[in-house]
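Letters go in sequence order (proteins before strands), and every chain restarts at 1.
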Amino acid sequence: MTTLTAPAPTGNKPVISDRSRAENRLGQKLIAPAIVLMLLVTAFPMLRAIYLSVFDYSLTAPDDREFVGLSNYLTALTDPLFWQTTGITVLYMVVTVAVELVIGFIFAMVMHRVIFARGVIRTSILIPYGIVTVVSGFAWQFAFTSTNGFVNGWLPGISADFNWFGETNSAVIAIMVSEIWKTTPFMSLLLLAGLAQISEDMLEAAQVDGATWWQRLWKVIIPNMRAAIMVAVLFRALDAYRIFDNIFVMTNGAQKTESISFLTYRQTIEQFQLGMGSALSVLLFLSVLLVAFLIVRLFRVDLAAARQEG
Amino acid sequence: MNQPSQRAPRGAGRRRALVAGTALVTAAGLLSACGGDGKPTLHWYVNPDGVDTFETYAKECSTDDYDISVELLPSGATDQRVQLARRLAAEDSSTDLMNLDPVFVAEFANAEWLAEIPGDLATEITNSADGEGDYLAGAADTVIWEDKAFAIPLWANTQVLWYRKSLADAAGLDMTQPVTWEQVIQAAADNNGSVGVQANKYEAYMVLINALVQGAGGDIVSDTEAGRDTKVDIDSEAGREAAAIIKMLADSQAAQSDLSVSNEGTSLGRMFLKDANAPQGAGEFMLNWTFVYKFYQGQIDAPDGITQELFDDLGYARYPATVEGEASKPPIGGIDIGVGAYSANPEFAMEAAQCITSTQAQVDLALNNGLMPSTNSAYDEVAASGDFPEDLIELYRTSVDEGGPRPKSAFYALISSAIQARWHSPTSVDPGSTPKDSADYLQDVLEGKALL
Amino acid sequence: MKKLGVPIGVLVILVWCLLPVVWIISLSFKSEESVTAGNPGFLPSDGTNAGWDNYNKVLTDDLYDFFPRAIINSIGISLIATTLSVIVATLAAYAIARLEFKGKKLVLTMSLAIAMFPVVSLIGPLFDMWRTFGIYDTWLGLIIPYMSFTLPLAIWTLSAFFREIPWEMEQAAQVDGATSWQAFRKVIVPLAAPGVFTAAILTFFFAWNDFVFGISLTSTESARPIPASLAFFVGADPFNRPASLLAAAAVISTIPIIIIVLLFQRKIVAGLTSGAVKG
């Protein structure tokens, strides 16, 4: 590795081209293990999923595997359950990201301004970030139950034996609370980084010009944080779109709380329908791509500028 | 990874992967049971009821030829099926013995994942299914697929109606006579009591629906050996009777607040509430499995437990009738022991399976864990032990014998999930539409036209 | 108002972040029997404080021996996956930060794509592949996907760190007579170490948190990690999920996270924000 850093003779064209060829080779050698690993676990299985998705193939009857063309896709795309789970997934995504953006922004502002107890705040905000999602799911599930929880006792206007997991709306809220709690820290840290890049001079100038706090927020702070906000939204949105753990733990998909990831999981793992499950996997993959594409387009996030070569 | 030496040689590539995997795992200091003395270990996958007794019998039934080690499965029947099926689909040679919920025997046997039970024992089981053997007919029937026995019944479960005698008295309900669901719900609602059932979106809700439909003389599906061409019958008078009862319960004062997420455990605490004047404080009528008796017995004088006096107030009766005048069909459950088709030691495994299901083992399970036997001979011993009231033993035995099994189909998991999907939540059940919706949906699912 | 805003905000953050943690700790002290009977409220009601009973049971009772096993699995699998992933990522990140080569864009795009990949869509085919390779339900079967899915994060973080390193210093050291190995060890390693360390922590968090692979690619205690073990948690009464014991287990699984956070909070924050938002 280090041989390469020897002082380079300059001005000699053939040498440079030799060097750059060597550098090219070394670079490729160094990234090869990473590429192989990433492909082994993603590209290869994905290709296999595409292949399996055109079969009627059940794990319990592997010998009856039958080529069915695109009919798995057709069944899925014309099925109300597919659209219902997609709809609820989009709902999870939009609501949690929106709420997290607001809470995360407030947290970031506080952390940016605070001058005491920074370590304590940083520590406490990192605990939800580091905690296992399944644990968060259980903590909130038990908190919401009427038999052993505390939420019913604390919330005014809710009867003591209200069953949060007894209907879709309240169950979805419970799941969202767990999801929001667990992931807001990530959002607020990304926003904090963006906030740190706004120059104080600009803010002071605005203040001198008589801009109110509200005006400064909307005219100076937010426009200057655009890149940070967009990256945070993109990452969290794609993460939220894949929501699975909390649903598994809290409702196991009952009360129509099932997300598209959960539906796919059930087809492959619980129902052993590898053919249909693979078709759903492909559709899930494509829908993630679509969501990513829409966000990038809609908000014109410049990823390269935002995350790379800055 | 346990007995590589006893495996037929496989492709070199695969072995290399295995070796690499083993090496890495060993390096990490994980290797647990790769014993070097060449004595094979049979892996016995057990569901979590009665694990202590299973551990005992794993030791007891180990011989000079093999050891038996117990592996714990998750608690839900559906999760158990998933874990086992994935190992079996992988043709895992270390899946030797497994505890199977009866409803999955057909699917597993059909997938050729289970070794057929040989010889005399098979004859005994098949004869028992016709009422001419030691096994209870209801239990024996669960292990037969296409006229062959594919597992050995270990213990037979059934549900009975558990209730507070004081609550039934207050309602003036004569519990010596068969009672109906309507009477039970009414009695609880009018006397500050509740009715405990299992209505979360899981297998036991299917148990409830099936019992209600069969109690009205109907079936969810029939002609199940036809596989995907099975006949869907739930859109019938019986289906509507069943839906009407679920709706009645859901709309009633007697419904427990967590009805739509209730399971076998959630209603246990509602039998003996500390404050009798609290809402539903008078206790409950609870439909639940046989373990309940031992459970409350164990609570006597325990911290936060109950008194002997309260325990004496616990009554039991046959599963309520869906329709007045028609005998109820109590649910049948339990556990059958299957031998994995890919076991590296099939003879040993079959021998061990017989040891594990011996009369003595069944008696121990009943006495230690309240899990009732599958044979008449074991039942007689349990009755003789005096650990259970005689009338309770008789109630269990009749319930299993006259019970209504769930559909025996290679596509049972599909059928069950489809029914649950349309009948959950119980608060949304409507006799006018739910049976028809679920029939249409199940039909589509069986034909592969709808997602599950 | 202006003066009060920040302290109130601090208070809100602390309550928001820590309340559920305190809650699960409180739940873990409710006695098992009282939870079965119903014991609502934030703190254990009078006389139902079980002390360390639940923790003792979860860690030492034979009935729950699957849980200590899951702890070993989780620690082992996460540490191995983290180490390997960071090594592989360091190589790649070094190349990305320092070298010009064809395919640089490819790695970056690919790792970005993988960071967004819907994990669930892989488990079907992966399960199929793993059973063919014979690594289903083994440590290796989890280590490989954990490595693949932590690589993007590790590569991004590390390349951002590496780009900040003044590599000229190495040459300067060599000019001063150090061998290239010495220059690398004495100058570059100390500069790069914090970045590598941060990447390792973030990678460890990911592996520790994973659930989807944990439930799909294992079927026994031999490789089942903590999150999957919690989801399948069974107690003495199989029909009744022992909420307070589960809570005790959940608290135990959170301890490593809390320790890491307490020790390295500054580094973690730097790691999460570095590379994430530049320009």
Taking side chain to side chain contact (heavy atoms under 4.5 Å, CB included) as the criterion, tell me which of A/V288, A/L289, A/L238 meets it with C/P118. A/V288
Would you check if the side chain of [X] reaches a backbone N or O of [Y] as a donor-acceptor pair within less than 3.5 Å?
X      : Y      : result
C/W208 : C/S253 : yes
A/N148 : A/F142 : no
A/S124 : C/L18  : no
C/K30  : C/P44  : no
C/T90  : C/V86  : yes
A/W181 : A/P128 : no

Under 4.5 Å from any heavy atom of chain A - which part of [X]:
X      : answer
C/D128 : side chain
C/I155 : side chain
C/F117 : both
C/A247 : neither
C/A243 : both

Looking only at heavy atoms and a cut-off of under 4.5 Å, which of [options] has the most pairs with chain A?
options                      : value
C/G103, C/S121, C/A154       : C/S121
C/G9, C/G124, C/G41          : C/G41
C/L246, C/I144, C/V119       : C/L246
C/I257, C/N39, C/L43         : C/N39
C/L122, C/L230, C/V88        : C/L122
C/V35, C/T254, C/L126, C/I24 : C/V35

Segment of [X] engaging chain C (4.5 angstrom heavy-atom cut-off):
X      : value
A/T123 : both
A/Q267 : neither
A/Y241 : neither
A/I269 : side chain
A/I103 : side chain
A/L126 : both
A/I229 : neither
A/K182 : side chain
A/F272 : neither
A/Y51  : neither
A/L274 : side chain
A/V114 : both
A/L52  : side chain
A/Y265 : both

Please name the pair of heavy atoms, one in [X] and one in [Y], separated by the smallest distance, quoted to 0.1 Å.
X      : Y      : result
A/P33  : A/K29  : CD-O, 3.3 Å
A/G149 : C/W23  : CA-CH2, 3.8 Å
A/A108 : A/L195 : O-CD2, 3.6 Å

If you look only at distance, which donor and acceptor atoms sit under 3.5 Å apart when one is on a side chain in residues 263-270 of chain C and the other is two or more places apart or in another chain?
{"unit_1": "C/Q265", "atom_1": "OE1", "unit_2": "A/R122", "atom_2": "NE", "d": "2.7"}
{"unit_1": "C/Q265", "atom_1": "OE1", "unit_2": "A/R122", "atom_2": "NH2", "d": "3.3"}

Sequence neighbours left out, what passes side-chain hydrogen bond (donor to acceptor under 3.5 Å, both in side chains) with A/Y129? Give chain and number order.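 With neighbours one apart ignored, the set is empty.
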Using the test side-chain hydrogen bond (donor to acceptor under 3.5 Å, both in side chains), find all partners of A/N246 that sit at least two apart in sequence or belong to another chain. A/S178, A/E179
Are C/F213 and C/F149 close enough that their ring centers fall under 6.0 Å?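 For C/F213 and C/F149, the ring centres are under 6.0 Å apart.
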Taking the six-membered ring for Trp and the full ring for Phe, Tyr or His, determine whether the centres of C/F42 and A/W154 are under 6.0 Å apart. yes
Rounded to the nearest 0.5 Å, what's the gap from CD1 on A/I180 to CD on A/E100? Could you check? 6.0 Å
In Å and rounded to the nearest 0.5 Å, what is the OG to CD1 distance from C/S148 to A/I35? 12.0 Å
Side-chain donor-acceptor pair under 3.5 Å between A/S146 and A/D161, yes or no?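 The answer is no; no qualifying pair exists.
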Under 4.5 Å, counting heavy-atom pairs only, tell me which of A/F244, A/F138, A/F186 racks up the most with chain C.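 Sorted descending by pairs with chain C, the first entry is A/F138.
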Residue by residue, which of residues 41-49 of chain A have a heavy atom closer than 4.5 Å to a heavy atom belonging to chain C? A/V41, A/T42, A/F44, A/P45, A/M46, A/R48, A/A49
Decide yes or no on side chain to side chain contact (heavy atoms under 4.5 Å, CB included) for C/Y146 and C/S85, but give the supporting numbers first. CA-CA 8 Å; C/Y146 287 1; C/S85 170; over 6 Å; no
